[in-house]
Structures are given as C-alpha cells and as structure tokens.
Asks: 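Here it is, the structure, as structure tokens.
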Amino acid sequence: MNELAVLDLVLEQELDRNPDLVFLATSTPPSWRTRFGAERVRTCPISEPAMVGAALGAAMTGLRPVVDLNRASFAFLVMDQLVNHAARIHYLSDGSYRAPMVLTSATRGPQQLGPQNEQCPYGVFMQTPGVRVAVPGSATDACALLRTAVRDEQGPVLLFIAPGLADHCDLRAALAAEPQPFGVAHRVREGDAATVVAIGSAVHAATRAGDELAAEGVHVELLDPRTLVPLDLPALAASVLRTGRLVLVDDGPRSGAPAQILAALLDVPGVALALGGRIAHVSAPEVPVPSSPVLEAQYWATPERVTAAVRRLTAAA
Amino acid sequence: MNELAVLDLVLEQELDRNPDLVFLATSTPPSWRTRFGAERVRTCPISEPAMVGAALGAAMTGLRPVVDLNRASFAFLVMDQLVNHAARIHYLSDGSYRAPMVLTSATRGPQQLGPQNEQCPYGVFMQTPGVRVAVPGSATDACALLRTAVRDEQGPVLLFIAPGLADHCDLRAALAAEPQPFGVAHRVREGDAATVVAIGSAVHAATRAGDELAAEGVHVELLDPRTLVPLDLPALAASVLRTGRLVLVDDGPRSGAPAQILAALLDVPGVALALGGRIAHVSAPEVPVPSSPVLEAQYWATPERVTAAVRRLTAAA
Amino acid sequence: MALALPADPAVSPMDPPQDGGLDLVAAYKAMVLIRAYEERILQARTDREVIGPVHPYIGQEAVAVGVCAALQPRDHLVSHYRGHGHALARGVDLDALTAELFGRADGLCGGKAAALVSDPATHLLLSSGIVGAGIPVAAGAAMTSQVRRDGAVAVVFFGEGALGAGVVHETLTLAVAQRLPLILVCENNGYQGATRTEEVYPETSVARIAEGHRMPVHRVDGNDTLAVHAAAAASVAVARAGQGPAFIEASTYLTRFHLQFDRPSGERRPAEELDGWLARDPLDALRGHLLAAGTAPDLLDALHSEAERRVEAAVAFARTSPWPAPELALTNLWAGTP
Amino acid sequence: MALALPADPAVSPMDPPQDGGLDLVAAYKAMVLIRAYEERILQARTDREVIGPVHPYIGQEAVAVGVCAALQPRDHLVSHYRGHGHALARGVDLDALTAELFGRADGLCGGKAAALVSDPATHLLLSSGIVGAGIPVAAGAAMTSQVRRDGAVAVVFFGEGALGAGVVHETLTLAVAQRLPLILVCENNGYQGATRTEEVYPETSVARIAEGHRMPVHRVDGNDTLAVHAAAAASVAVARAGQGPAFIEASTYLTRFHLQFDRPSGERRPAEELDGWLARDPLDALRGHLLAAGTAPDLLDALHSEAERRVEAAVAFARTSPWPAPELALTNLWAGTP
Ligand SMILES: Cc1ncc(C[n+]2csc(CCOP(=O)(O)OP(=O)(O)O)c2C)c(N)n1
Ligand SMILES: Cc1ncc(C[n+]2csc(CCOP(=O)(O)OP(=O)(O)O)c2C)c(N)n1
Ligand SMILES: [Mg+2]
Ligand SMILES: [Mg+2]
C-alpha cells in the first residue's frame, strides 16, 4: 500500500480495468483481496527478492504484476532479480520475451526513518540498462505515470514516490489524470534566466523558488523530467542551450540522478559551451540521511537554496 | 579464488601476516584451509548475502574479512547487506563501530559470460556513500591495493578486478608491490595535448593509444585513478585545467564511472570553462554485454577508439 | 525468603546466573522498566518529542529479559527496529537511548540512528530497520568468537516475519555448517505488521524451518520469563562449548500494536485474541511467581515506581540535551573521515 | 513386444503420457541425443567454436528427460547455466541452440545469450547464470497459470547448491502459502563447483528443507529415468489439480566435470566415487530396461548413430550461420526499442 494514498485508488481502478493486473505486497488491502481474489492480490511473506522474481515470471507469461516494495531502500534487496534478470530478459532473449512489470516504492519524506529507510536511489537505475524510472514531481503526475506504467508493454518500470507529494495533492485532478507518456518533461514555468531541473519531491520547492524569483523579475525555466529513464534530453538540452545556466535540484545526493543528467546533457553538442561552467547543484550531501530532523534539515532542497543557486549563477555572468 | 591468480598469492601472504584476516568464498583453496584452518578460511554455501552480512558482523567485532564475490554481477545480490548495512554502520553508530572488510570480484574479460556475468558496476558504488571502490589498472596496482584494503581500518572496500589484467602481469613486480594509499591517481604518462582518464582494464588500451599518439608528437596525459572512491579529484582537475581536454575511457557504460567522474570534475572551479565542451568518451554502450564476440567487440575501449577520440578533441580546438 | 532488591538500581547486563538460575527480582525489575519505558515513549511520540516510527515492545518483555539474563558482557547482540526492549534488557544506557529517540546530541548515536541503535559498550552491534538483515551480521560476530576462541556467543532477536527473508535461511545453513556460536531468538507474535502470519506461512510455528536446517530448536512460551531463560541458558551453554547454534522460538504477542508515528495507532486486534493474551501478561505471570515464592508485594510495587521515576528522568535528560550541530550530519562516513 | 521407433526423428515436447507411463524408447532417444550433444559441444569448445563457459550435463540425462516427458507444451520451464540437457529434453530446436552456443546470427537468442537461452516456442523462460535466481521466476509463471486457471504448471531445474541461496527459500515459502502449481526439481549431484556438498550442508540431501516448508517431497534415484518420470508425473498431476507445489530431489552425478572453457577441464573426482556412478550410467540403465523388455539392440544402436548425425548437422548449421551484425548489440533493450 502506497505512502501516497491516491495511488491505491488508481491501482484499484486499474485492477478493475485489466484482469491480468496482479498486485504483490507484504501487506495488501483486505477489500482488494475480497474484490479481486487472492490470486490477483497476493499477500506475500517478507521476501522481496522472490516477489520481484515472481513478478518477472508472471510478466513473461502474460500477467501485469505490480509489486509494492514499500521503501525505496528495499530496492537494494531485489537488485539481482531486477537488474540481472528483469532488466536483462528482453535483451538476453533477443526480444523474444518481455517483462512488463511495475515496482513502486517511497523515497524520502520528513519521516525520520534514518540512514536505511530514507533514500533516493533512482540514480542507480540510470546506469543499469533495461529498467525505466519514473520519479513524479506531483501527485497528479504520479497517478498519470502509474497508469502508463501498468498499461505499458515494454518492460520493467520503477516508480519512486516521494511521500511529500501527498501534501500538495489535488485528489480529484490526480484521480482524473490520463496516462502520460514516459520521456516527456513537464515545463512547470517558462523563462530565460536559467534552467532549473528539479526531480520528485524537489519540484515543489523549485516551483516556490521560481515564483519568488519571478516576483523579483528573474524568470527561470523550471523543468520536471518526470521520468529519468527515458529522459527528455531534447527538452532539457533545448532549454539549457537557450538559458546558458543550469541548476539541478534533487532531494537525493548529487552523485545520483543529477550527475547522470549532467553527464547526459554535456554530451549534447553545444551544451557544454552554452553552459560555460554555469552549473549549480541543490542536492543532499554525499552521506546517508541521519534521523535527527536538525541533522536532516540540510538534506532538503528548500526554495531558499534554489533561489540562492539561481542568484549565484545569474550574478556570475 | 581470484581470476587474477597473483591476488591469491597476495592474500595468502596477508593471511599469514594477520591472524585476524579471514576469507569467505563459495570455493576456497584446500591448501589454505589446511594451513590457516577452517575457521579462517571458510567455504560457504552459495549465500552471498549472508556471507557479506557475516563479514560485516565479523568486521565489527574485530576480524578483517575478505569475501570473494567471484563475479561483479553478484554484487547485485548483496546490495542490502553492503549498501544498507556495511556502508552505513559507521555513520549510523556515529563512529562507534567500524566495518573494515573487503569484497573482491571480477568485472569483464573477453570470456563471453554474457549479459549477466560481464559487468562493470563500479559506478553504482560511486553513488552509495560509505564504501570505497578500487579498480586497478594493472596487476601490480591490484596487488598493492589489495594489500592496502586488507590492512586498512576504515570501512568496506570493493575491489573490482578485470580478468584481462592477467595478460600484462609482471608477477614478480606485482607480488613485491607495497601497499598503496587509496585516492592517489597514477600518472601513466605526462603530456599537454589532452587528459585521458582510463579505468581498470581500459588503462592498458589507453596506454597503447598514448604511445601511438606520442609517436606522432601528440603527448597526452594519461591518468589511472586506481580508486574511484576516494577519487583523486585534485590530480584529475589539475590535469584538465592544464590540458583543456578530457577523454574518459572505460570498459563499462559511460553512465557508470565516467558520468560520476565528469560530474565531480565539473564541480571544481574553472574546469568547465577550461574544458569548454572538449570532452570525449570511449566506453561501452548503454545496453547489457552480449555473448557473441562479434557483438561484444564494440564494448571494448580499444587503442584505436582512444586515439580517435583524442584526435577529435585536439582537431576541434 | 523474599529476594532482596539489588542495591544498584541501574539496569545493567545481568550477572551470569551462578546456578543456571534466574534472579527473578532482577528480571521483574527489567521487565517493569521496559514496560514503563515503552508506554512513556509512545506518549512522547504522540507529543512529537520522539522522532521517527515507534515499534513498541509491550507484551514481549519476557523474551528480551529472559534471554539477556543468560548472557555475559562479552557476548554480542543484534536487534531490530522493535529494539528498545532488547536494548534495555541488555543494559544500554537509558538516558543515551532516550536522547537518541529524541534525536539529540547526547543520543547513543548522536541523533543519527533514532530507534536503530548500536552500542559498543553493551556489544549491541546494530538494530536493523530491514527485516531479517541483522541475522547474518550476528553470525559474523559468532565467527569472530570462533576464530578468537574467546567463548563469546552472538544472539540475534527477530520476528517470525524474518523467516520470509532469504538471507535468514542462508544464515541458518551457514551457522549449522560452520557450527557457529549463534543463538537465534524468534519472537513469534503472530503478526507481520498488518498481515497475520497464517496468511503467509503454512504453519505459524517456524520451528519446522530450523529443524529442516538441522539446527536444535527450543519452543517456549515467550510470556514465561523462566521458560525463555531456561532455553536461552541451555542454548548459550551449548554454543559456548563450541557445539554450534540454536534456535529459540518464543510464542508471544504485542498487546498494543505494531507501529505508531505521530498519532496513536488505530490498529485493532480481535478482542478475544487480545484478551487471551492480556490475561497472560508476562509481567503479571512473573509477579505471580514472585508472590508465590514469598516476595513482598511492596517490593515489587517499588520497582514499578522506581522504573517510572527513572524513565521520567531519562525523558528529562533527553529534553534538555541539545540538538546536534548541523555539520555533524557529514561526519563518520567511514573511519578516519572527519 | 518391442516399442516402435517414433516416425518423426525430431526431438519435441513429448506427448503427455496416455497411461501415466513413459515412452521408454522416446526417452532413450532423447537421452542419447543429449549425451551425444554434450560430448560434441565440449569438443567444439576446445576447438574454440563454442563461446563462453560450457557446463556439461553428462550423467544427469535421466532427470531432464524423465521430467520433461511428464510435461505438456503449455507448461513453463526454467533452467540454468547447465541447461542444454533441459533444453533438448524440452524440444528446443537443435540447430538454433547450437548456433547460439556458437554466438551466431541464427542462434536462439541472436548470439546474445550463449548458454543462457530462452525459447518462447517451448516455454523455456530463461536459463539463469546466477545460482537459484530462476526459481522465483518459475513461481511467477505458476502464478499466471493460477490466475488464468489454464491448468499449466511451471517446472524449474536447479542444483542442490541453489538451496544455499536465500531467494530459493523465499520461493518455497511463497509457493506453499499460495499453493502454486510449481514443481521444483533439484538435481543433487553432490558438488557445487569445486566444493563438495557435505562441506557446506549438514546433510547432503536437501529434502529436509522442503519438508520444513511443508512442501510434498519426492526423493528419487536421478539416474533412473522411470523413477524420475513417476515422481514428476505425480507432482504434475497434483499441481494441475490446483493442489500446490512439489519438490523432487533427484540424486545424480556429473560423470565428466563442472565446467570447461577453452581447454579440457582438469577437474578430477575420487576414482571410486566416479566408478560407482559410471556403473550406474542413466543411459545404460534405461538401455537395460529396454533390452529386458525385448527391444532390439539394433533399434537402440540406430538411435545413437541417428543422434550423432543430428548433432553433427547442427554443428554444421552453426558453423555456416553468419555472425550477427554488430549493430544488433544495441537492439532489444526493452520492447518497443529498435
Ligand atoms: C525487508 C523488509 N520488508 C518489509 C519491511 C516492512 N516491515 C517492517 S516491520 C514488518 C513486519 C515484521 O514482522 P515480524 O518479523 O513478525 O516482526 P514483528 O513486527 O511482528 O515484531 C514489515 C513487513 C521491512 N522493514 N523490511
Ligand atoms: C549466486 C551465485 N554464486 C556463485 C556462482 C558460481 N557458481 C556457478 S555454478 C556453481 C555451483 C553450483 O552448484 P549446484 O547448484 O549444485 O549445481 P551443479 O553445478 O552441481 O549442477 C557456483 C558456485 C553463481 N553462478 N551464482
Ligand atoms: Mg511478528
Ligand atoms: Mg550440484
């Protein structure tokens, strides 16, 4: 069951819509078991590796499994099944088998879960080919991307959900959201002063920073990639080529998704020259996430940190 | 037992030297069991997660465990024990406990082991704080870094060995190599034309490329970081600031270590401007490694690919 | 003759039982402390003084206390997210534990760990938030004892849910094959979060698994402190003698609930089931023993008020402990780093 | 009366046994083919025609053939790195398999997989190079049958070494709790690479583990094709009827060795042990049965020469198959990509 409750409503609708959809989790809603049966809604022992392996086998033979991994830190329990198997089977079988399956998990919220259970490991999956990675920046996008993921035929999808998305959730809009194609960034605001790329829970902070800067006449372009694999590199590169400034904003460490995005961008002809070093990061330190809220405070991409980064870049040139 | 046989000789010497050193593997040399006893040389069931967990417990209580993971792909089996536990315990206990332990594994050689067992996953560990990562570019460095790793007190070390290092191994020099501090890049050759940073098995190819270019009067600076965590960023940055050109060479995908190194370098003041976009990659494609040697051919950083990249960059400016 | 109240009121690793027996008053005292502590910590969580999730141990006190009473200071311990009970039974400093739960500078782990504490002073290696993951770590500590021939054992606590996790089975294989001095203590409370154990296992007892691994098994009433202690003492003796691991399955029950964040948990158990277990409360049971053996009720009541006083003092300590300096978030990534 | 040689010489998923019995000539034919294939592939590896590691199946043929003869085309199969025998018993195309082992364009997986083949035509899901990892995948296929109520079962082959791996125990728990139509076939050959199984397990039989999970277990002589088949047929019937999984432990032996790369393996087994098993060669045993039942020796000899001819034809096919176009290395990362 999801930290972002509206996703459970979406999943319920999708279970209703597609009889091949099955749900695996260590804890499942009793009402789903009644409604869809224990064969489609499977309460599993605490066996995440086997659950993901089973999801792969089910996907290869025609079902559409969704595994709720609960915490993103549990992704590290299932890496062999996910990376060495699910992500490789289409390639290994040279296209004979496909493995459409979805893994959902929660990243970080101010829940003080500590160094083990507060993590944003999506950057890892940007360098393990064969999985697609969605990190929505709003509850509405989360719902839309979940719908796409469970209807998609292409292969494994990881959906990383920041619990904080619940704070700004327009329930009606979220539930009504149509499936959204992967690989299409959302332009949250337009502008020329700098390109701000924000991910997941950091999108909200970046939006507030954008508003604040706009009030001062500094108009940044704010892009939420929504999916990291595939990444909407054309949109990101076009923006950066235009603004000549890049701020990467994430609640994970910069060695994660930000490093991956940056390296990918620099590979686009002209980007490095356009940027000329005007790159800033607002991200978590390169150490685990501590429990004490006082220690954790500096792990959040706050609007203040984002505006400061933009000001630094715009002042520089 | 290691793909690079000389490492076993080093390990045997170290077992002799330090009674706290213990060795865990699914297959162990019978002579070691006789010599050091079954309590120090542990033949284990095929249970890599438990082996790494046990190594952590042993390390925390005073032993110095070495786990031979055999293939680097098996690192994905032990991520929870390694990333969520071993890499976090010093931090989680606020410095009370330390976990000096070493995991060795083989990356890729032309062995046609296929999409599962030919991998260079070290880039993943550059974004999971708490582990140190050594990827030696020669058998001698492999021996030296293994000695450092098993004598070190600081925490978990991953030692990734390219089987191909055996091809150019000077056995005597390798065995005689003194422990070498982590975080010190090796300048394989000096030059001003471009900075070539090569990793692991790609160092040899880059060396040959450097020789070839030198014969034409193009002198590149070739750096082998030897350890990726910690990374000798000062040495890399100094070189790049001087040459203004960067070629990253690896037998893994560019989303792995190369992306991490690039992002770290760009964070050093002046580097982005000095480079001005003169960045090239010689790396494996962003897809799994296929079995057929004909398909795999393009996954190797050959001297030809390296020289071509250097020529492209030097021609450009 | 009534047993005398120990002079030192601090909870500490209990002395090794001289006669293989258990100091019942000391055990009662420890259980009372845990109970008082857990109730208070839940309140402090509701009051938003404690940070993070709280997994209360209420109802299972006999297991932690019965097992820890069979240990010596040199032994190693591994716990998990529901770990305050184990920590207190082991003698972890009450003030430092509380400050840690409050996220303060004087916390056992400087505010980094919250409930997932480590404590070298009591050989508490770790309290993992990941079900089952600590079990191989305890096996590793047992390897150390084996290499050093120091006669120490390693003990690991876990719920029956951990038997779902593969790494636990791996450790069972390893421990038997290598005759590790490892004692696995399964606190079988019939629930795995919101899931009832019979929903996911063919039989609720997991002794069958340990038997399949050819590991000696003790099945005990986990609400009976003496029974738990006897099983633990026997297992420890075997392990210390180099004769290998043991598995203890203690049947017990969480009389409150699995977990709470900042609001009191809304979890509801079947009333009959709950009542049955409340009637078998481990503190009441041990109190019955003590009274039957002639211990003065006053003495026992005094332990309750003493426990409350100590818990309140710990809360006061935690409250006045400063917040950690923000820059300490970046320290201790690995040894030798700042 | 001698059983007639089937008209079609192609290896194919065998017809479901009409009377629950096994077509012994067809079984012998399949075993002979596997034996001839494995010998030839080892030679081709030494000749550097086959790429990658070769894990020969020689000595264990009765298991693959006995099990696959109990299956229907709709059933699912999971194999591993030592998988040619399973593939051939299941009826995977010999030419395409061989071209795959040669790394060629006409290979079953376009040269990407080498020995780690998949084949949708025969419902062979995958052959994992990671010990134990395919077992939950088979459980997932069993889930599909359960949801679809299509009566199919899933079968997974693995060595006893896989019982070291946690994910296998997880799958046992899952399969029993969810009554999956899953048949786990453990080929217990006493070795796990260079490690003898008694070095790492308290007892070499792993039936005890399945029993601990409350899964029905069949222990059979893995060199006795009929015994294997009977256990498989019984398990399949139970699973098809929706009555849950079963575990078959087949005792057997690799009479050659674990693994070879480009030089013939230098591995040496204890001579007495080896001789004992050679005396119980599964092909000889089945041949004995057939002769005793009156089958003409000529008929059986013809199967041998026929197998050799077919294997040689497959090698010739593989040799003339082109290398894959280099750009195909980048294809099929996920469905819908080029
Ligand atoms: C690997 C893993 N999966 C899931 C969880 C989420 N989780 C936390 S506690 C719990 C239930 C554990 O039950 P049990 O082991 O019986 O211990 P109890 O809580 O009953 O003491 C679950 C599923 C987790 N922490 N770790
Ligand atoms: C997880 C994992 N660990 C280690 C290996 C290396 N390895 C390959 S085969 C093998 C032995 C397996 O023994 P068993 O399961 O009994 O099968 P057998 O080879 O005897 O058929 C090992 C250890 C592996 N492939 N996967
Ligand atoms: Mg429980
Ligand atoms: Mg075997």
Side-chain angles (χ1 to χ4, degrees), chain A residues 48-49 73-85 87-89 91-92 94 114-117 119 121 123-130 248 252-264 266-267 269-279 281 285-291, chain B residues 48-49 73-85 87-89 91-92 94 114-117 119 121 123-130 248 252-264 266-267 269-279 281 285-291:
Chain A
E48 288 81 1
S73 50
F74 302 163
F76 288 123
L77 283 159
V78 305
M79 295 292 277
D80 177 54
Q81 293 294 326
L82 183 58
V83 175
N84 288 333
H85 292 87
R88 301 259 195 277
I89 192 65
Y91 187 82
L92 193 55
D94 204 26
Q116 291 185 327
N117 281 338
Q119 297 191 46
V124 166
F125 299 99
M126 300 177 78
Q127 52 168 288
T128 51
L248 287 158
R254 99 171 53 171
S255 62
Q260 295 289 335
I261 295 174
L262 181 58
L266 288 169
D267 214 40
V271 164
L273 279 178
L275 281 175
R278 289 175 297 273
I279 303 165
H281 290 271
E286 300 291 326
V287 287
V289 180
S291 292
Chain B
E48 288 81 0
S73 51
F74 302 163
F76 289 123
L77 283 158
V78 304
M79 295 292 277
D80 177 53
Q81 293 295 326
L82 183 58
V83 175
N84 287 334
H85 292 87
R88 301 258 195 277
I89 191 64
Y91 187 83
L92 193 53
D94 204 26
Q116 291 185 328
N117 281 337
Q119 296 193 46
V124 166
F125 299 98
M126 299 178 78
Q127 52 169 288
T128 51
L248 288 158
R254 98 170 54 171
S255 62
Q260 295 290 335
I261 295 174
L262 181 58
L266 287 169
D267 214 40
V271 164
L273 279 177
L275 280 174
R278 289 175 298 272
I279 303 165
H281 290 270
E286 300 290 326
V287 288
V289 180
S291 292

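For the numbers below, each heavy atom of this structure counts, side chains included, while hydrogens, waters and symmetry mates do not. Note on naming: letters A, B, ... go to the chains in the order of the sequence lines (proteins, then strands), and numbering restarts at 1 for each one.
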Asks: Name the option with the most non-hydrogen atom pairs under 4.5 Å to chain A; the candidates are B/Pro115, B/Ala272, B/Pro121, B/Gly276.
Replies: B/Pro115

Asks: Please check: side-chain N/O of B/Arg278 versus main-chain N/O of B/Leu275, any donor-acceptor pairing under 3.5 Å?
Replies: yes

Asks: With chain A as the partner, which of B/Ala75, B/Pro129, B/Ser73, B/Ser255 has the greatest number of non-hydrogen pairs under 4.5 Å?
Replies: B/Ser255

Asks: Of all of A/Pro253, A/Gly123, A/Gly277, which one pairs up most often with chain B through heavy atoms under 4.5 Å apart?
Replies: A/Gly123

Asks: Shorter than 4.5 Å, heavy atoms on both sides: which option in B/Leu92, B/Thr128, B/Ile279, B/Asp267 has the most such pairs with chain A?
Replies: B/Asp267

Asks: Name all residues meeting the side chain to side chain contact (heavy atoms under 4.5 Å, CB included) criterion together with B/Ala263; count only those two or more places apart in sequence or in a different chain, and write none if there are none.
Replies: A/Ala259, A/Leu262

Asks: Shortest non-hydrogen contact from A/Leu77 to A/Glu48?
Replies: CD1-OE1, 4.0 Å

Asks: Side chain from CB out, backbone as N, CA, C, O: work out which of these in A/Pro290 comes under 4.5 Å of a heavy atom of chain B, or both, or neither.
Replies: both

Asks: Restricting to side chain to side chain donor-acceptor pair (under 3.5 Å), what partner residues turn up for A/Asn84, sequence neighbours left out?
Replies: A/Asp80, B/Gln119

Asks: Relative to chain A, which segment of B/Ser291 carries a heavy atom at a distance below 4.5 Å: side chain, backbone, both, or neither?
Replies: neither

Asks: Select, from A/His281, A/His85, A/Gln81, the one with the greatest count of heavy-atom pairs under 4.5 Å involving chain B.
Replies: A/His85

Asks: Name the member of A/Phe125, A/Phe76, A/Phe74 that forms the most heavy-atom pairs with chain B at distances under 4.5 Å.
Replies: A/Phe76

Asks: Could you look at B/Pro258 and say if it's the side chain, the backbone, both or neither that has a heavy atom under 4.5 Å from chain A?
Replies: neither

Asks: Quick one: which of A/Asn117, A/Val271, A/Val287 has the most heavy-atom pairs under 4.5 Å with chain B, could you say?
Replies: A/Val287

Asks: Among the options A/Asp94, A/Leu266, A/Leu82, pick out the one with the most heavy-atom pairs lying under 4.5 Å from chain B.
Replies: A/Leu266

Asks: Can you give me the closest heavy-atom contact between B/Arg88 and B/Val83, atom names plus distance?
Replies: CG-O, 3.1 Å

Asks: Does any part of the side chain of A/Gln127, heavy atoms only, come nearer than 4.5 Å to the side chain of B/Arg254, both counted from C-beta?
Replies: no

